[in-house]
There are 2 protein chains.
Amino acid sequence: LLRLASASRTFQMGEVAVVALRNVTLDIYEGEFLVMVGPSGSGKTTLLNLVGGMDQPTEGSVWYRDIDLATLSTRALTRYRRETIGFVFQFYNLIPNLTARENITVATEISQDPLDPDEALRLVGLEPRRDHFPAQLSGGEQQRVSIARAVAKNPELLLCDEPTGALDFSTGKQLLWLLLQMKNRLGKTIIVITHNVAIGEVADRVVRLRSGEIAETHVNEKP
Amino acid sequence: LLRLASASRTFQMGEVAVVALRNVTLDIYEGEFLVMVGPSGSGKTTLLNLVGGMDQPTEGSVWYRDIDLATLSTRALTRYRRETIGFVFQFYNLIPNLTARENITVATEISQDPLDPDEALRLVGLEPRRDHFPAQLSGGEQQRVSIARAVAKNPELLLCDEPTGALDFSTGKQLLWLLLQMKNRLGKTIIVITHNVAIGEVADRVVRLRSGEIAETHVNEKP
Ligand SMILES: Nc1ncnc2c1ncn2[C@@H]1O[C@H](COP(=O)(O)OP(=O)(O)OP(=O)(O)O)[C@@H](O)[C@H]1O
Ligand SMILES: Nc1ncnc2c1ncn2[C@@H]1O[C@H](COP(=O)(O)OP(=O)(O)OP(=O)(O)O)[C@@H](O)[C@H]1O
Ligand SMILES: [Mg+2]
Ligand SMILES: [Mg+2]
């Protein structure tokens, strides 16, 4: 479904260059549940941003099916990000002056076959809070609204950057169940960055990053 | 050192009232390492904000030694927050247009006996990134700068809201070591909200919240 081909991403800041990703080649299969792990600063968010069309490699290329994302017009890339991808951001990125429910409706306006916003909130246990603003929600509640927003778009690809970081064990387990439903019942392809070992155990594959490179890949025979 | 006496905190939003904390009574002892756990939305951040003078209870009171925080002038409460408390926020709250190092220097300007900012950054493994802005740092790197900022103030009380949420296992362990140094060598009182089981195991006490109340307290005999 997706392929990174020798993708590198360097951040140039004045005289300093930070190599966030170095020569990464990775195939992502349709319908798989892929987990990405690695130390802080190892390049996980950067890699996910390349897959989601949020950023471009400084070398190499990122392919969605037979399309090199770098060849897309701004308009087509925007459509890729809005319709094909559901992104759960490491910093949630909720719109502060919209309610929980409104944050979902603006994301799903353009979707082909979205979930009902209230249903999406119900899936993360937050339907009673739908009229509250992000500032009125706890850290874990904001994270769950961010998850509901991505899931409600009903995208082909669900990209989740530490989706259970602010969640306790049992709320995190509920989310894991939700992601597995997305994969098993709706056939979605799911990529999750996480430190949560339980998520790694149910994945099809675990890719470990270290200093901007893929250090190892582990296939779960019976996830 | 600190005491919450029947403290309650209700958030009134139009017609809706959310009871974040209900009748919480808790003593916090000088030099202890206290961990707070509980589900998303159970009131942990709200409780920590009361202890840190960032918020006031709607009922009951919060005492620092023999002072009811509600009786302090704005000026004295500000001094309490700036000098007595080091706060690691759940959302980091770094100043976006200051570098990592500058974020620490502005916090320590008023401190009696602060750490050198570069030393604080070294303690969290980020001295090479001191001239970079928050937007140029990964999630875990921003969290570590937030920790360095709180520690550098050399406060009496270190309040940490999910300090390892964005950190992988080994970086989280390094932070845990740092917190234990703060307690054992510098005699600081430490309160940590976390889902990280390893931190709970080295604490003196673990307080579990549920729906705004203290559900149980567990004393670690040999942490
Ligand atoms: N400013 C606010 N306005 C309205 N409600 C709030 C506000 N802050 C918190 N709440 C509500 O109070 C309750 C407790 O919130 P709190 O942030 O203390 O939870 P928490 O235990 O820290 O959760 P998490 O683990 O998700 O961070 C939640 O239901 C939350 O939505
Ligand atoms: N916008 C940026 N400008 C400069 N450097 C950046 C930028 N974004 C990331 N970096 C750097 O690139 C490297 C990889 O960052 P990335 O965010 O991908 O790490 P990560 O694996 O997601 O880390 P974490 O687990 O802490 O979230 C880090 O050294 C980071 O500081
Ligand atoms: Mg990241
Ligand atoms: Mg919280």
Side-chain angles (χ1 to χ4, degrees), chain A residues 11-16 18 20 36-46 48-49 89-92 99 124-126 128-145 161-162 164-175 193-197 208-210 212, chain B residues 11-16 18 20 36-46 48-49 89-92 99 124-126 128-145 161-162 164-175 193-197 208-210 212:
Chain A
F11 291 101
Q12 193 71 41
M13 294 165 292
E15 309 208 340
V16 177
V18 172
M36 203 167 13
V37 299
S40 170
S42 56
K44 305 179 298 294
T45 294
T46 302
L48 206 68
N49 287 342
F89 296 87
Q90 190 166 8
F91 295 104
Y92 320 156
T99 64
V124 298
L126 286 173
R129 307 301 300 278
R130 61 190 196 150
D131 294 329
H132 291 166
F133 295 93
Q136 297 167 331
L137 299 175
S138 77
E141 289 164 345
Q142 292 184 35
Q143 190 168 44
R144 284 185 277 157
V145 173
D161 201 338
E162 314 246 15
T164 63
L167 301 179
D168 53 287
F169 182 69
S170 74
T171 317
K173 256 173 64 178
Q174 288 165 23
L175 173 73
I193 296 172
T194 185
H195 304 306
N196 183 329
V197 176
R208 174 171 299 276
L209 291 194
R210 188 178 306 139
Chain B
F11 290 102
Q12 192 72 40
M13 294 164 293
E15 310 209 340
V16 177
V18 172
M36 202 166 15
V37 299
S40 171
S42 56
K44 306 180 295 294
T45 294
T46 302
L48 206 68
N49 286 342
F89 295 88
Q90 191 167 6
F91 294 105
Y92 321 155
T99 64
V124 299
L126 285 173
R129 308 300 301 277
R130 61 194 196 142
D131 293 329
H132 291 165
F133 295 93
Q136 298 167 329
L137 299 174
S138 77
E141 289 165 346
Q142 292 185 34
Q143 189 168 44
R144 284 185 277 157
V145 172
D161 201 341
E162 315 246 14
T164 62
L167 302 177
D168 54 286
F169 182 69
S170 75
T171 317
K173 257 175 61 179
Q174 288 165 24
L175 173 71
I193 296 172
T194 187
H195 303 309
N196 183 329
V197 175
R208 176 172 298 276
L209 291 195
R210 189 178 303 138

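Per-residue counts of heavy-atom pairs under 4.5 Å with chain A were compared for Ala20(B), Pro39(B), Gly165(B), Ser42(B); the largest is that of Pro39(B). Across Lys44(B), His132(B), Gln143(B), Arg129(B), the residue that shares the most heavy-atom pairs under 4.5 angstrom with chain A is His132(B).
You'll find the side chain of Ser40(A) reaches within 4.5 Å of the side chain of Ser138(B), heavy atoms only.
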>> Set out, in order, the CA-CA distance, both residues' side-chain angles and the distance that settles side-chain contact (heavy atoms from CB on, under 4.5 Å) for Phe91(B) and Gln142(A), then state yes or no.
In response: CA-CA 11 Å; Phe91(B) 294 105; Gln142(A) 292 184 35; 3.8 Å; yes
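The CZ atom of Phe169(A) sits 13.5 Å away from the CG atom of Asn196(B) when rounded to the nearest 0.5 Å.
Only the side chain of Tyr92(A) has a heavy atom closer than 4.5 Å to any heavy atom of chain B. Interface remark: Val16(A) contributes side-chain atoms only to the contact with chain B (heavy atom separation under 4.5 Å). Only the side chain of Val18(B) comes within contact range of chain A, with at least one heavy atom under 4.5 Å from a heavy atom of that chain. Of the atoms belonging to Thr171(A), it is side-chain heavy atoms, and not backbone ones, that fall under 4.5 Å from chain B. Both the backbone and the side chain of Glu141(A) come within contact range of chain B, each with at least one heavy atom under 4.5 Å from a heavy atom of that chain.
One N or O on the side chain of His195(A) and one on the backbone of Ala166(B) form a donor-acceptor pair closer than 3.5 Å.
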